[in-house]
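Just so it is clear: chains get the letters A, B, ... in the order the sequence lines come, proteins before strands, and each one is counted from 1.
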There are 2 protein chains.
Amino acid sequence: MSKYKKVKLKHIAEQAGVSINTVSHALNDKSDISEKTKERIRKIAKNLGYIPDAVAGSMRKGSTKTIGVIIPDIMDPLMSIWVKDIETKLRQNGYNIFVINTDENYALEEKALVLALSKKVDGIILCPCQKDDKDIIFLKKKRINFVLLGRRFNHIKTDYVVADDLKGGYLATKHLLDQGRKRILLLNGHSYISSAQERYRGYTEALKEKKQKIDNSLVYEIANTSGNSMQAIKKILGKKIKFDGIFAFSDLMAWEVIAFLQEIGFKIPEDVEVVGYDNIQSRFYFPYSLTTVNYPKRTAAHKAVDILLKKIANPDSQQYFQEIIDTNLFIRKQQNNYDPDYLEEH
Amino acid sequence: MSKYKKVKLKHIAEQAGVSINTVSHALNDKSDISEKTKERIRKIAKNLGYIPDAVAGSMRKGSTKTIGVIIPDIMDPLMSIWVKDIETKLRQNGYNIFVINTDENYALEEKALVLALSKKVDGIILCPCQKDDKDIIFLKKKRINFVLLGRRFNHIKTDYVVADDLKGGYLATKHLLDQGRKRILLLNGHSYISSAQERYRGYTEALKEKKQKIDNSLVYEIANTSGNSMQAIKKILGKKIKFDGIFAFSDLMAWEVIAFLQEIGFKIPEDVEVVGYDNIQSRFYFPYSLTTVNYPKRTAAHKAVDILLKKIANPDSQQYFQEIIDTNLFIRKQQNNYDPDYLEEH
DNA sequence: AATAATAACATTAACGTTAATGTTATTATT
DNA sequence: AATAATAACATTAACGTTAATGTTATTATT
């Protein structure tokens with residue numbers, strides 16, 4: 001890409017009067033080169049502005065020190081928190097990340113995986129869209145090192161790190177019931193997503209416990225992207241379906257419905273009480289108090305990294321690592337003002 | 001990374017009874033292989049689950065078809081919009097992206113650049129932290145293909161795409177003045193960031209036009225991360241400095257100060273009117289109306305890609321491409337309710 | 001003093017692919 | 001009918017590095 005002549009090991013070797021291998025070993029601090037020579041070679045390398053060719057190195061070494069991170073949506077704050085934490089943790093371990101978006105699109109997910117494999121990543125952290133599972137089966141068959149994050153498959157044994165969404169769904173619903181709410185709208189993710197499935201189970205369990213019937217006209221499945229929750233609420237209101245509580249799939253959805261309901265005249269939380277999910281703590285995003293299901297997101301990302309590194313270090317192990325991160329309810333007084341607790345959280 | 005035996009061109013060649021080169025040419029759809037042979041080889045490749053080794057291919061071809069995207073903060077919505085648009089546009093052109101965060105940290109920026117160059121990216125899109133410029137000079141000297149996005153250097157000639165921040169700063173300040181605001185707080189980014197510099201210039205120009213003196217106790221420079229604008233406001237209030245308008249460096253800052261000021265009893269916009277920057281349109285983030293400086297962010301990202309692709313296609317050209325994207329003021333009635341216009345925008 | 005061990009290098013081969021040539025049979029050209 | 005051109009492959013070399021050996025002088029060991 002550059003007209004500037006590329007500096008290679010060869011050039012350093014010529015200047016130092018040693019072999020290319022000696023330069024390589026010196027720069028990689030191998031033990032079979034004298035400290036004097038190493039120092040001399042390092043200086044020449046620096047002088048010439050040598051930048052190692054990782055592509056060539058990777059080919060020879062058979063490892064890229066790169067992990068593929070494949071996620072549905074980098075613009076979702078939850079995902080960007082994950083990505084940042086994964087990047088930081090992996091960097092500490094000498095790895096880089098290669099992030100690919102799938103837009104919750106299975107075809108793109110397949111392409112993303114092939115791209116990552118083609119780029120010879122040493123492992124993959126994947127939050128699957130779950131519209132299909134062929135690609136996961138393919139990964140297993142190929143014995144690729146991968147860890148699922150945030151979502152898992154019931155019928156495929158893999159490594160994964162997920163939140164305890166069953167408990168999360170139960171706690172959120174129970175909280176609304178305890179507050180005296182009678183008709184709780186579940187604004188859920190699509191049912192092929194495991195976390196949505198489990199939250200639904202938690203929702204039904206809490207209702208059953210209070211001897212309430214499950215009314216499926218109160219259960220909606222939508223994609224977690226901007227505008228959808230508002231559209232859903234519009235539809236529900238259009239059908240004259242009554243509700244006095246909402247359990248939303250994400251803080252983002254919760255936020256959107258609160259804003260929309262307020263706009264059209266509802267009092268929040270008096271008329272409708274809302275519980276979110278994920279406890280996205282960035283002050284930027286949620287200046288208003290929102291009761292939400294909380295879990296250590298950073299821990300989740302770090303555990304996924306730990307598991308992946310373990311698998312890479314021990315490729316012959318048949319062991320599966322499956323982590324279910326505990327969830328709890330983060331109760332905030334729901335009102336239109338700033339949450340002073342945010343600094344203390346986490 | 002896998003115990004599963006890797007499928008190489010060699011294996012396809014053996015099964016097809018042709019040479020490795022023929023397989024390579026067939027799969028790359030070169031013209032010197034008969035359609036019949038191509039079809040046969042494609043089938044065998046598919047059967048064996050062949051995934052091309054991009055590392056080996058890149059080494060031989062001298063091109064990775066990957067662009068390094070180096071940005072200060074993937075969690076900033078502006079940046080994640082950019083990244084997504086860049087990814088989409090580059091994908092259409094057969095390129096992938098390699099995203100690296102710098103956390104507005106110059107040392108990390110240098111490392112990110114070396115990493116990208118080491119990984120042999122075909123070009124770089126960079127939003128520099130601007131705490132130093134040595135790395136930019138290095139890129140120029142090495143004749144690396146790169147385009148700056150969002151920020152530029154006054155004293156270094158490079159390709160860039162920036163917003164018209166001078167105009168943006170002027171429009172925002174003028175708007176506040178026109179609304180009768182007398183003491184306008186500039187909550188700016190750090191002055192080594194070009195966009196902050198230019199907005200400051202716009203701010204002063206608008207003040208001068210109205211014959212107002214520039215009061216530097218009203219100008220604050222902070223990093224665009226969560227919590228900082230609140231801290232700044234606290235300090236300012238502590239110093240008993242009065243203000244009735246705020247021009248913030250980002251919608252995020254604007255948002256944070258609005259929430260904080262409301263919390264401590266200010267009426268917005270009656271007591272303090274706030275103007276933001278970037279017009280982050282995601283319904284998720286800003287359910288409340290905010291007047292803000294707007295510009296086509298998508299266009300900016302796309303232009304950066306276009307410029308980079310032009311430079312890659314034409315490496316011998318000495319031409320510089322410098323785009324200043326026009327800014328305008330997006331006026332919204334500032335009130336605590338939902339902005340119904342958001343769907344129509346853009 | 002003879003042999004073994006080690007330090008500090010050099011040489012060779014290989015990673016998997018593709019560009020640059022080379023070869024041969026077939027077809028086109030005059 | 002002789003030659004040129006072309007189609008469809010094969011062979012060879014190269015991308016830049018590092019692992020696996022090889023070599024030689026020096027030092028340690030008995």
Side-chain angles (χ1 to χ4, degrees), chain A residues 1-2 4-42 44-45 48-66 94 114 117-122, chain B residues 1-2 4-42 44-45 48-66 114-115 117-122:
Chain A
M1 73 175 279
S2 147
Y4 208 83
K5 208 183 166 195
K6 199 196 149 177
V7 180
K8 297 186 265 183
L9 289 184
K10 190 172 67 172
H11 304 123
I12 302 173
E14 278 162 9
Q15 253 195 52
V18 296
S19 76
I20 292 174
N21 179 278
T22 300
V23 177
S24 170
H25 277 204
L27 294 178
N28 288 303
D29 206 24
K30 303 272 172 176
S31 60
D32 66 344
I33 309 294
S34 72
E35 193 49 49
K36 213 177 104 192
T37 309
K38 278 182 187 171
E39 198 45 52
R40 192 161 53 92
I41 288 174
R42 280 194 212 107
I44 297 173
L48 293 177
Y50 173 70
I51 291 177
D53 185 326
V55 172
S58 294
M59 169 142 81
R60 181 66 250 249
K61 284 187 287 188
S63 156
T64 53
K65 285 284 176 184
T66 300
V114 169
L117 295 176
S118 174
K119 290 250 178 191
K120 310 252 95 189
V121 295
D122 292 344
Chain B
M1 73 175 279
S2 147
Y4 206 85
K5 210 183 163 196
K6 199 197 149 178
V7 179
K8 297 185 265 183
L9 289 184
K10 189 171 69 172
H11 305 123
I12 301 173
E14 279 162 8
Q15 254 196 52
V18 295
S19 76
I20 292 174
N21 178 277
T22 300
V23 177
S24 170
H25 277 205
L27 294 178
N28 288 303
D29 206 24
K30 304 273 174 178
S31 60
D32 66 344
I33 309 293
S34 72
E35 194 48 48
K36 213 177 109 193
T37 307
K38 279 182 186 171
E39 196 46 51
R40 193 160 53 94
I41 289 174
R42 280 194 212 108
I44 296 172
L48 293 177
Y50 173 70
I51 292 178
D53 185 326
V55 172
S58 293
M59 167 140 83
R60 182 65 248 252
K61 284 187 286 188
S63 156
T64 54
K65 285 284 176 182
T66 300
V114 169
L115 176 60
L117 294 176
S118 174
K119 289 249 178 192
K120 310 252 95 189
V121 295
D122 292 343

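The base of C:dT11 lies close enough to the side chain of A:N21 for a donor and an acceptor atom to sit less than 3.5 Å apart. Contact of B:R60 with C:dT18 (side chain to base): a donor-acceptor pair of N or O atoms is detected under 3.5 Å.
One can place CG of A:L27 at 13 Å from P of D:dA19, the figure rounded to the nearest angstrom. In this structure, the CG atom of A:D32 is 15 Å from the P atom of D:dG22, given to the nearest Å. Rounded to an integer number of Å, the gap from NZ of B:K120 to P of D:dT17 is 8 Å. Here C:dA7 presents its C1' atom at 14 Å from NE2 of A:H25, a figure rounded to the nearest Å. The separation between B:L9 atom CG and D:dT12 atom P is 18 Å, rounded to whole Å. Computed from coordinates, the A:K6 NZ to D:dT17 P distance equals 5 Å when rounded to whole Å. Per the geometry, CD belonging to B:E39 stands 14 Å off P belonging to D:dC9, to the nearest Å. Look at NZ on B:K38: it is 12 Å from C1' on D:dA7, rounded to the nearest Å.
Each of B:R40 and A:I20 was assigned the nucleotide of DNA chain D with the nearest heavy atom; the assignment lying further toward the 5' end belongs to B:R40. Taking the nucleotide of DNA chain C with the nearest heavy atom to each of A:M59 and B:S24, the more 5' of the two is matched to A:M59. Comparing B:T22 and B:K61 along DNA chain D, the residue whose closest nucleotide (by nearest heavy atom) sits nearer the 5' end is B:T22.
At the heavy-atom level, B:S58 lies nowhere under 4.0 Å from the strands shown. Within 4.0 Å (heavy atoms only), A:D53 reaches sugar-phosphate atoms of the nucleic acid but no base atom. B:T37 comes within contact range of the sugar-phosphate backbone alone, with a heavy-atom separation under 4.0 Å but no base atom that close. Within the nucleic acid shown, A:V18 comes within 4.0 Å of sugar-phosphate atoms alone, with no base atom in reach, counting heavy atoms only. Here B:K30 lies in heavy-atom contact (under 4.0 Å) with sugar-phosphate atoms only. Backbone-only contact: A:S34 has heavy atoms under 4.0 Å from sugar-phosphate atoms and none from a base.
Side-chain proximity of A:I33 to C:dC9, C:dT18, C:dG16: nearest is C:dC9.
Side-chain contact between A:L9 and A:L27: present, with at least one pair of heavy atoms (C-beta onward) separated by less than 4.5 Å.
Across all strands shown, C:dC15 forms a Watson-Crick or G-U wobble pair with D:dG16, both key distances being under 3.5 Å. The pairing partner recorded for C:dA10 is D:dT21, the criterion being a Watson-Crick or G-U wobble arrangement whose two distances lie under 3.5 angstrom. Remark: C:dT26 base-pairs with D:dA5. Criterion, Watson-Crick or G-U wobble with two distances under 3.5 Å.
Within the 3.5 Å criterion, the main-chain N or O of A:S58 finds no donor-acceptor partner in the side chain of A:T64. For B:H25 (side chain) and B:T22 (main-chain N/O), no donor-acceptor pair under 3.5 Å exists by modelled atom type. Between the side chain of B:S118 and the backbone N or O of A:I51 there is no donor-acceptor pair closer than 3.5 Å.
Between A:Y50 and D:dT17, a side-chain N or O to OP1/OP2 separation shorter than 4.0 Å is present.
Nearest approach of B:Y50 to B:V7, heavy atoms of both residues: CD1-O, 3.4 Å. Taking all atoms of both residues into account, the shortest heavy-atom contact from A:K38 to A:K30 is NZ-O, 2.7 Å.
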